[in-house]
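Both backbone and side-chain heavy atoms feed into the values below; hydrogens, waters and symmetry mates do not. Nothing here was measured: the structure is a model prediction, and the numbers come from that model. Note that ligands are numbered from 1 as they come in the structure, with each ligand's atoms numbered from 1 the same way.
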Amino acid sequence: MTTILSHPLVRHRITLLRDRATPPKLFRELVGEITEFLAYEALGDVKTREVDVETPVANTRGARIDERIVLVPILRAGMGMLDAMLHVLPYAKVGVLGMQRDESTAEPVPYYAKVPPAKGDELALVIDPMLATGGSACDAVQQLKKLGYVRIKFLSLIAAPEGIARFERNHPDVPVFSAAKDERLNSHFYIVPGLGDAGDRIFGTL
Ligand code: PRP
Ligand code: URA
């Protein structure tokens with residue numbers, strides 16, 4: 001299942017993110033802010049446990065997150081979302097998957113993997129700004145399943161209909177959360193209207 005965020009605070013930021021005049025510093029800040037909104041949406045069902053808490057005024061009951069979480073950015077653009085995820089989930093563990101699209105076929109070429117094997121039912125959150133053909137996302141989730149992960153969610157900033165369809169076909173058990181759903185892919189497998197090359201815009205390598 002795919003959830004697309006429609007909140008005005010998100011749409012405002014996505015519009016600034018798309019703007020070709022947005023410089024890398026602002027681009028990175030926007031990626032972080034949108035990522036926090038995505039985390040808010042994606043983690044609405046995170047497990048909590050009831051705890052006692054003593055305020056300056058009275059004793060009361062509260063909730064603490066009671067879930068082991070592993071964040072998995074797909075290199076390199078996924079790194080742009082990592083700080084924001086760690087900001088809202090400071091105790092999460094981090095594994096990384098390196099993947100580069102083949103420029104002619106757009107198929108992912110994995111080049112690095114450092115993810116802790118699953119120990120139980122921890123939640124893996126895969127983060128990557130772009131879900132274009134869906135090749136990178138599908139491959140990343142496949143790798144996590146081989147490592148024993150059974151609870152996985154995928155978070156992206158912009159998704160193409162083609163990528164969503166491929167991902168849902170291959171991994172119907174993995175929910176997707178995206179801040180925008182665009183029109184289509186172009187002949188170079190870039191998302192239209194999209195925002196261009198997310199990695200280049202985050203790292204200033206245009
Ligand atoms: C981009 C993006 C995704 C992938 C999406 O990475 O960050 O990982 O493309 O495309 P797909 O859905 O067609 O697989 P890219 O390969 O450009 O590498 P980079 O992050 O190093 O820039
Ligand atoms: N990767 C990007 O960075 N942008 C796209 O539009 C597609 C893949």
### Task
Any chance you could measure Leu155, atom CG, to Phe177, atom CZ, to the nearest 0.5 Å?
7.0 Å
### Query
What do you reckon, is CD of Glu50 surrounded by more than 12 foreign heavy atoms closer than 6.0 Å?
yes
### Query
If you count the non-hydrogen atoms of other residues, nucleotides and ligands that lie under 6.0 Å from OH in Tyr91, is the total more than 12?
no
Which protein N or O atoms sit under 3.5 Å from any N or O of ligand 1? Give each pair with its distance.
| unit_1 | atom_1 | unit_2 | atom_2 | d |
| --- | --- | --- | --- | --- |
| ligand 1 | 7 (O) | Asp128 | OD1 | 2.9 |
| ligand 1 | 8 (O) | Asp128 | OD2 | 2.5 |
| ligand 1 | 12 (O) | Ala132 | N | 2.8 |
| ligand 1 | 12 (O) | Thr133 | N | 3.1 |
| ligand 1 | 12 (O) | Gly134 | N | 2.8 |
| ligand 1 | 13 (O) | Arg101 | NH1 | 2.7 |
| ligand 1 | 13 (O) | Thr133 | N | 2.9 |
| ligand 1 | 13 (O) | Thr133 | OG1 | 2.6 |
| ligand 1 | 14 (O) | Ser136 | N | 2.9 |
| ligand 1 | 14 (O) | Ser136 | OG | 2.6 |
| ligand 1 | 16 (O) | Arg101 | N | 2.9 |
| ligand 1 | 20 (O) | Arg76 | N | 3.0 |
| ligand 1 | 20 (O) | Ala77 | N | 3.0 |
| ligand 1 | 21 (O) | Arg76 | N | 3.3 |
| ligand 1 | 21 (O) | Arg76 | NE | 3.2 |
| ligand 1 | 22 (O) | Arg76 | NE | 3.2 |
| ligand 1 | 22 (O) | Arg76 | NH2 | 3.2 |

### Query
Just wondering, do Arg201 and Asp197 contact through their side chains at under 4.5 Å, heavy atoms?
no
### Query
Is Val96 reachable from Val141 through a run of hydrophobic residues whose side-chain heavy atoms are each under 4.5 Å from the next?
no
Would you call [X] and [Y] a salt bridge, using N to O less than 4.0 angstrom?
X      : Y      : value
Glu162 : Arg166 : no
Asp200 : Arg76  : yes
Glu36  : Arg13  : no

### Query
How would you list, by chain and number, the residues with a heavy atom under 4.0 angstrom from ligand 2?
Arg101, Met130, Ala132, Phe189, Tyr190, Ile191, Gly196, Asp197, Ala198
### Message
Check the orientation of His7 and Phe37. Use parallel for under 30°, tilted for 30 to 60°, and perpendicular for over 60°.
### Response
parallel
